[in-house]
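Proteins get letters first, then strands, A, B, ... in listed order; numbering begins at 1 in each.
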There are 2 protein chains.
Amino acid sequence: MELKALVLAVLEARPMHGYEIVRRARDRGHLRWEEGTVYPLLHKMDHEGLLRSEWKKGPTGKARKYYSLSRRGRTALERARADWREYAAVVSEILLGGRHGHARGSAP
Amino acid sequence: MELKALVLAVLEARPMHGYEIVRRARDRGHLRWEEGTVYPLLHKMDHEGLLRSEWKKGPTGKARKYYSLSRRGRTALERARADWREYAAVVSEILLGGRHGHARGSAP
DNA sequence: CTCCATACCTAGATCTCACAGGTAATAGTA
DNA sequence: TACTATTACCTGTGAGATCTAGGTATGGAG
């Protein structure tokens, strides 16, 4: 649920192939998306019509499968953003009690 | 793992019995914790030493099982708060892009 | 040629949580 | 007394998401 939204957000910037998504998340730290999570998720989202996939030759000349957002994917991303804002606000209120500071993106 | 943290936070305010936790969450809206989720979770957290449980007579005279935070539970709650802050910050950054607008152009 | 990193993939296990029940005690009604 | 609703507790089954732990294939470096 969360990963799906994050993949959409990552792919909004530019098309990317699966291994690159994994590697970027790994380099970033904080989040660890394993290949066994990401690849099946990409397939599923592709099948659901949220992504489009295309085999292209990468810079090394080797074929890579690039994923990009479809129109439905963009819509889903907008909804995911709204859902996250609400969810984060509720959890922050319960967990932090309003007086421990606020997570970003929480709107009243 | 989210529910665990939220249960800790709810029980920090005052000891409560399971049904009350469920009912409060239900009244609050937004979150729907089912009994089939909450009761096993309370048992597990009790067994892990995060909670203490005690049978008491409630206002109606009927026995109720009240849960309260143990010392370990308080520690776990503090850690959960820190984890949530970090997690929410990372997700918000990826999903909402630092500040939500069309902030694009931060290269990989 | 051999080794390593890249890049893709899947099967199975695990963990969380919801669904859909069940039991028992109390209170209100008739 | 019998009935019904509400409170309060509990569990078994299973769906869904994610990780573990593998596997395959290609291209470049040594």
Side-chain angles (χ1 to χ4, degrees), chain A residues 1-8 10-11 15-27 29-48 50-51 53-68 76 80 83-84 87 90-91 94, chain B residues 1-8 10-11 15-27 29-48 50-68 76 80 83-84 87 90-91 94 108:
Chain A
M1 0 181 34
E2 219 59 77
L3 272 189
K4 198 164 167 176
L6 293 173
V7 165
L8 288 171
V10 164
L11 288 178
M16 234 174 273
H17 55 88
Y19 193 75
E20 194 178 358
I21 296 176
V22 172
R23 202 183 43 208
R24 277 167 52 94
R26 196 174 284 154
D27 294 346
H30 299 302
L31 296 174
R32 53 182 195 295
W33 303 340
E34 302 304 324
E35 299 182 26
T37 305
V38 171
Y39 284 117
L41 181 58
L42 288 171
H43 298 161
K44 191 187 167 199
M45 291 169 70
D46 190 5
H47 191 261
E48 286 172 354
L50 300 174
L51 304 180
S53 62
E54 188 184 3
W55 285 97
K56 274 192 201 173
K57 300 216 173 215
T60 63
K62 189 181 173 184
R64 290 170 175 177
K65 199 171 185 179
Y66 281 87
Y67 291 91
S68 54
D83 288 348
W84 164 252
Y87 175 77
V90 171
V91 171
I94 296 174
Chain B
M1 280 302 114
E2 219 60 77
L3 273 190
K4 199 165 167 176
L6 294 173
V7 165
L8 288 171
V10 165
L11 288 178
M16 234 174 273
H17 56 88
Y19 193 76
E20 194 177 0
I21 295 176
V22 172
R23 203 183 43 208
R24 276 167 54 94
R26 197 174 283 154
D27 294 345
H30 297 303
L31 295 174
R32 54 182 194 294
W33 304 339
E34 302 305 324
E35 298 181 28
T37 305
V38 172
Y39 284 116
L41 180 59
L42 288 171
H43 298 161
K44 191 186 166 199
M45 291 169 70
D46 190 6
H47 192 261
E48 287 171 354
L50 299 175
L51 305 180
R52 262 177 287 108
S53 62
E54 189 184 3
W55 285 97
K56 275 192 201 172
K57 300 217 170 213
T60 64
K62 190 182 171 184
R64 290 170 175 177
K65 200 171 184 180
Y66 282 86
Y67 291 91
S68 54
D83 288 350
W84 163 253
Y87 175 77
V90 171
V91 171
I94 296 175

ask   = Roughly how far apart are A/Arg23 CZ and A/Met16 CE, rounded to 0.5 Å?
value = 10.0 Å
task = Round to a whole Å and report the spacing from CD of B/Glu48 to P of C/dT16.
result = 8 Å
inquiry  = Can you see if the side chain of B/Tyr39 gets near the phosphate of D/dC10 - specifically, an N or O under 4.0 Å from OP1 or OP2?
reply    = no
task = Using only side-chain N and O atoms of B/Lys44, determine if any of them is under 4.0 Å from OP1 or OP2 of C/dT16.
result = yes
query = When the distance from CD of B/Glu34 to C1' of C/dC17 is rounded to whole Å, what number comes out?
reply = 10 Å
key: Between C1' of C/dC8 and OH of A/Tyr67, the distance in whole Å   = 9 Å
ask   = Does a side-chain N or O from A/His17 land closer than 4.0 Å to OP1 or OP2 of C/dT6, or not?
value = no
request  = Round to the nearest Å and state the distance from A/Trp55 atom CH2 to C/dC8 atom P.
outcome  = 6 Å
request  = Report the distance from atom CD of A/Glu20 to atom C1' of C/dT6, rounded to the nearest whole Å.
outcome  = 12 Å
ask   = How many Å lie between CG on B/Leu3 and C1' on C/dA18, as a whole number?
value = 11 Å
task = Grab the two heavy atoms, one from B/Leu42 and one from B/Gly18, that are nearest each other, plus how far apart they are.
result = CD1-CA, 3.7 Å
key: Within-4.5 Å side-chain heavy-atom neighbours: B/Tyr67 and B/Val7   = no
query = Are any of B/His43's side-chain N or O atoms less than 4.0 Å away from OP1 or OP2 of D/dT11?
reply = yes
query = Once each nucleotide of nucleotides 23-30 of chain D is scored for protein heavy atoms under 4.0 Å, what B/S/- sequence comes out, 5' to 3'?
reply = --BB-S--
query = Roughly, in whole Å, what's the span from CG in B/Leu41 to C1' in D/dC10?
reply = 14 Å
note = Whole-Å distance, A/Asp46 CG to C/dC9 C1', equals 14 Å
query = Hey, what do you get for OG (B/Ser68) to CG (B/Leu50), rounding to the nearest 0.5 Å?
reply = 12.0 Å
query = With a 4.0 Å cut-off on heavy atoms, is A/Gly36 in touch with a base, just the backbone sugar-phosphate, or nothing at all?
reply = base
query = In terms of side-chain heavy atoms of B/Lys65, which of D/dC9, D/dT18, C/dC17 is nearest?
reply = D/dC9
Heavy-atom pair of closest approach, residues B/Tyr39 and B/Tyr19 = OH-N, 3.3 Å
Residue pair B/Pro40 / B/Glu35: nearest heavy atoms and the distance that separates them = CD-O, 3.7 Å
query = How far apart are the closest heavy atoms of B/Glu48 and B/Lys4, and which atoms are they?
reply = OE1-NZ, 3.2 Å
